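Notes follow the structure.
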Amino acid sequence: AQLVAGPLHYMGLDYANRTTGNISWQNRMAHLRAGLSSVIPARMIRILPGYGMGGIWNQQGRQAWKEHVRSENSVFQLLLGPGTNNNRLGMEMR
């Protein structure tokens with residue numbers, strides 16, 4: 001996907017940032033070719049942390065949050081009173 005989206009995004013940035021004067025297609029294409037060798041790999045690599053450590057940390061954080069919500073000292077329990085069913089809030093607890 002980045003092989004298509006990267007050049008289009010880079011071209012859009014070029015149009016937005018280089019608006020002064022009459023810039024030829026040859027100049028824009030030369031600028032695009034010069035920058036794509038770093039733009040496409042950077043856009044591909046930036047998603048990796050989200051599927052690596054970010055996914056693990058998200059899973060651990062969600063589990064800790066669920067345990068906190070279930071606890072008696074939870075904000076929801078303090079607001080609604082003891083013995084309140086959390087499902088009344090529309091929360092699905094798995």
Side-chain angles (χ1 to χ4, degrees):
Q2 291 304 327
L3 294 175
V4 174
L8 291 175
H9 185 237
Y10 197 63
M11 179 65 79
L13 288 172
D14 185 51
Y15 274 115
N17 292 323
R18 297 196 315 156
T19 58
T20 58
N22 190 9
I23 300 173
S24 67
W25 272 98
Q26 290 84 11
N27 187 317
R28 289 198 188 272
M29 288 298 124
H31 188 258
L32 182 67
R33 278 190 297 274
L36 280 181
S37 62
S38 63
V39 169
I40 292 177
R43 288 176 62 106
M44 288 178 176
I45 290 171
R46 74 181 188 145
I47 196 67
L48 292 178
Y51 288 105
M53 293 306 295
I56 294 168
W57 291 331
N58 186 38
Q59 184 178 18
Q60 292 172 350
R62 287 183 68 225
Q63 184 62 34
W65 175 250
K66 286 179 184 181
E67 290 171 6
H68 172 72
V69 170
R70 288 182 182 141
S71 73
E72 292 182 24
N73 296 327
S74 169
V75 173
F76 299 113
Q77 293 294 337
L78 294 173
L79 290 174
L80 299 175
T84 304
N85 184 357
N86 284 336
N87 286 334
R88 266 187 26 191
L89 299 172
M91 298 171 56
E92 183 178 333
M93 305 300 277
R94 292 183 183 187

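All figures in this text were calculated on a predicted structure; none of them were measured in a lab.
- No side-chain N or O of Q59 forms a donor-acceptor pair with one of Q63 less than 3.5 Å apart.
- Checked against side chain to side chain contact (heavy atoms under 4.5 Å, CB included), S38 has no partners two or more places apart in sequence or in another chain.
- Within the 4.5 Å cutoff, no side-chain heavy atoms of V39 are placed close to those of P7.
- Following chains of ILVMFWY side-chain contacts shorter than 4.5 Å, one can reach L32 starting from W25, so the two form part of one hydrophobic cluster.
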In residues 41-50, what donor-acceptor pairs under 3.5 Å come from side-chain atoms, sequence neighbours left out?
residue	atom	partner	partner atom	Å
R43	NE	Q2	OE1	2.6
R43	NH1	H9	ND1	2.8
R43	NH2	Q2	OE1	3.2

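- Across all non-hydrogen atoms, the minimal contact from N27 to R18 is OD1-NH2, 3.2 Å.
- Hydrophobic clustering of Ile, Leu, Val, Met, Phe, Trp and Tyr side chains at less than 4.5 Å, counting indirect connections, unites Y15 with M29.
- The hydrophobic cluster containing L3 also contains L36, counting ILVMFWY residues as joined when their side-chain heavy atoms lie under 4.5 angstrom apart, directly or transitively.
- Shown here for H31 and D14, the closest heavy-atom pair between the two residues is ND1-OD1, 3.5 Å.
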